[in-house]
Protein chains: 2
Amino acid sequence: MSEDDIADLERLAAHVELPTRAPLFHAGDLARFVYTVTSGTLRLQRDLSDGRRQVIGFAIPGDFIGLSLDETYRFSADALTAVSLCRFDRKDFTSLSHSRQSLLERLHLAATHELTIAQDHMVVLGRRRAEERVAAFVLRWRERLGRINGRSATVGLPMSRQDMADHLGLTIETVSRTMARWMRDRIILDVPGGIRVLDQQRLAAILPD
Amino acid sequence: MSEDDIADLERLAAHVELPTRAPLFHAGDLARFVYTVTSGTLRLQRDLSDGRRQVIGFAIPGDFIGLSLDETYRFSADALTAVSLCRFDRKDFTSLSHSRQSLLERLHLAATHELTIAQDHMVVLGRRRAEERVAAFVLRWRERLGRINGRSATVGLPMSRQDMADHLGLTIETVSRTMARWMRDRIILDVPGGIRVLDQQRLAAILPD
DNA sequence: CTGTGGCCTTGATCAGGATCAAACCGGCGT
DNA sequence: ACGCCGGTTTGATCCTGATCAAGGCCACAG
């Protein structure tokens with residue numbers, strides 16, 4: 001983005017800080033704001049009336065939240081760690097994007113990128129077996145973190161096993177058993193707050209593409 | 001969209017006709033074009049190397065195809081019926097959207113709408129049981145067709161059972177059995193090329209939201 | 001130090017949907 | 001008319017991952 005765009009954005013931005021576990025918004029709330037994450041991790045989820053949950057995704061620094069143009073948010077967003085965000089009033093944001101199409105282009109880019117990720121995840125949910133799902137998650141999460149912090153064998157997992165399960169369409173037990181097996185097989189190592197990938201080769205080999 | 005925009009678009013548009021079963025493009029092809037559907041139905045899918053398939057969605061009149069901004073297409077698109085489309089060279093399209101942000105806005109709207117649909121489908125794939133998945137599909141498909149042709153109890157299903165199965169993360173047998181049961185229970189009626197919804201109430205009741 | 005609660009792991013059993021297998025059906029060409 | 005072929009239905013059995021049920025681990029409070 002250009003200097004001017006950033007300057008204009010700065011003028012509209014409000015800074016928001018959330019502690020661990022705090023909700024940012026709830027599905028159905030009036031969608032007044034758009035956010036970008038500057039630090040921390042959030043969980044995005046949709047809930048069914050009977051308690052079933054689908055974790056749509058996780059948001060990390062650099063991600064937009066709430067760029068869909070509906071009246072209300074279609075999912076809930078909660079902080080998994082302490083989080084800081086830039087908040088924009090959607091009305092201001094929209095009118096600014098009228099005057100500066102470079103901003104709109106950036107939004108559009110973000111939206112189509114999200115869409116591609118969503119379609120990838122459909123394949124995981126629709127056609128992958130349990131072990132493949134967990135492998136896909138670990139590998140992609142590592143990749144995403146790598147684009148921010150630089151590649152590292154140690155992968156932080158701020159979400160609970162339940163969150164992973166609800167992201168992957170599995171139960172907590174299946175996720176736990178799968179990762180326990182990988183630890184026995186020395187594919188990964190348990191480290192506090194995450195895992196260390198010992199054998200990227202074998203992990204990647206679980207996933208036919 | 002404004003008159004001017006449409007005029008500009010007309011100038012760039014090429015008309016494409018596809019017969020039943022013809023491919024529009026294949027995943028991995030260089031993404032030179034963007035399309036909008038003017039008539040017919042297409043199937044969008046991603047394939048795994050071992051033959052597993054995920055049908056990402058179906059495109060019907062009014063839909064854009066290929067608005068993702070990657071170098072190559074990330075899924076394949078095939079005609080399920082005879083199809084006609086408007087084809088735009090992506091380079092022209094992009095430069096036009098620089099000059100006319102209303103076009104870009106429309107694209108962005110389409111993209112975020114697609115994204116919402118994709119997230120809805122994640123819930124179906126991740127957390128719905130077999131019967132709910134089929135019900136979600138029939139109800140949403142009917143809804144979509146209704147927005148084009150007007151609501152009707154008769155729902156055309158141009159896709160095969162295999163396509164539905166691969167869309168819903170099920171097998172063809174499960175889809176078939178589910179619909180057979182609904183026919184026995186007088187919830188739907190088999191008509192050539194589709195079904196007739198006899199009892200919308202009971203169908204909708206299958207789906208907790 | 002000990003109790004408590006949240007999360008995770010591990011084991012035993014169950015079941016929903018997959019897989020395997022066969023029959024059915026309708027359209028089409030000869 | 002007939003046989004063929006692809007898609008679909010139906011039935012029998014199997015298996016992956018869900019469910020049910022304990023137990024373990026650790027951080028934190030008293």
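Note that the structure is predicted; figures quoted are calculated from it, not measured. All chains are named by letter (A, B, ...) in the order of the sequence lines, taking the proteins before the strands, and each is independently numbered beginning at 1.
Among the atoms of the strands shown, base atoms are found under 4.0 Å from some heavy atom of Arg177(B).
Nearest nucleotide to the side chain of Leu170(B), out of dC8(C), dT8(D), dA18(C): dA18(C). Side-chain proximity of Ser176(A) to dT10(D), dT9(C), dT16(D): nearest is dT9(C). Closest approach to the Arg161(B) side chain among dC8(C), dT8(D), dT16(D) is made by dT8(D) (side chain taken as heavy atoms from C-beta onward).
Computed from coordinates, the Arg52(B) CZ to dT16(D) C1' distance equals 13 Å when rounded to whole Å. For Asp190(B) and dC24(C), the CG to P distance is 18 Å, given to the nearest whole Å. Summarising the geometry, the separation between CD on Glu173(B) and P on dC14(D) is reported as 16 Å, rounded to the nearest angstrom. At whole-Å resolution of the value, CZ in Arg184(A) and P in dT9(C) are 11 Å apart. As rounded to whole Å, 14 Å separates atom P of dT16(D) from atom CZ of Arg133(A). Rounded to whole angstrom, the span from the CD atom of Glu131(B) across to the P atom of dA15(C) amounts to 18 Å. The distance between atom CG of Asp163(A) and atom C1' of dC7(C), rounded to the nearest whole Å, is 12 Å. At whole-Å resolution of the value, CZ in Arg181(A) and P in dG17(D) are 9 Å apart.
What you find for Ser76(B) and Asp47(B) is that their closest heavy atoms are OG-OD1, 4.3 Å.
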- Mind running side-chain contact (heavy atoms from CB on, under 4.5 Å) on Leu42(B) and Leu85(B) for me, showing each step along the way? CA-CA 10 Å; Leu42(B) 296 103; Leu85(B) 309 107; 4.2 Å; yes
- Message: Walk me through whether Asp89(B) and Lys91(B) qualify under salt bridge (charged side-chain N to carboxylate O under 4.0 Å, His left out).
- Response: CA-CA 5 Å; Asp89(B) 196 291; Lys91(B) 253 186 20 228; 5.3 Å; no
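The shortest side-chain heavy-atom distance between Leu168(B) and His121(B) falls under the 4.5 Å cut-off.
The closest side-chain donor-acceptor pair between Ser84(A) and Ser39(A) falls under 3.5 angstrom.
Taking the nucleotide of DNA chain D with the nearest heavy atom to each of Gln162(B) and Gly169(A), the more 5' of the two is matched to Gln162(B).
Here Thr171(A) reaches the OP1 or OP2 of dA18(D): one of its side-chain N or O atoms lies under 4.0 Å away. For Thr174(B), a side-chain nitrogen or oxygen approaches OP1 or OP2 of dA18(C) to under 4.0 Å.
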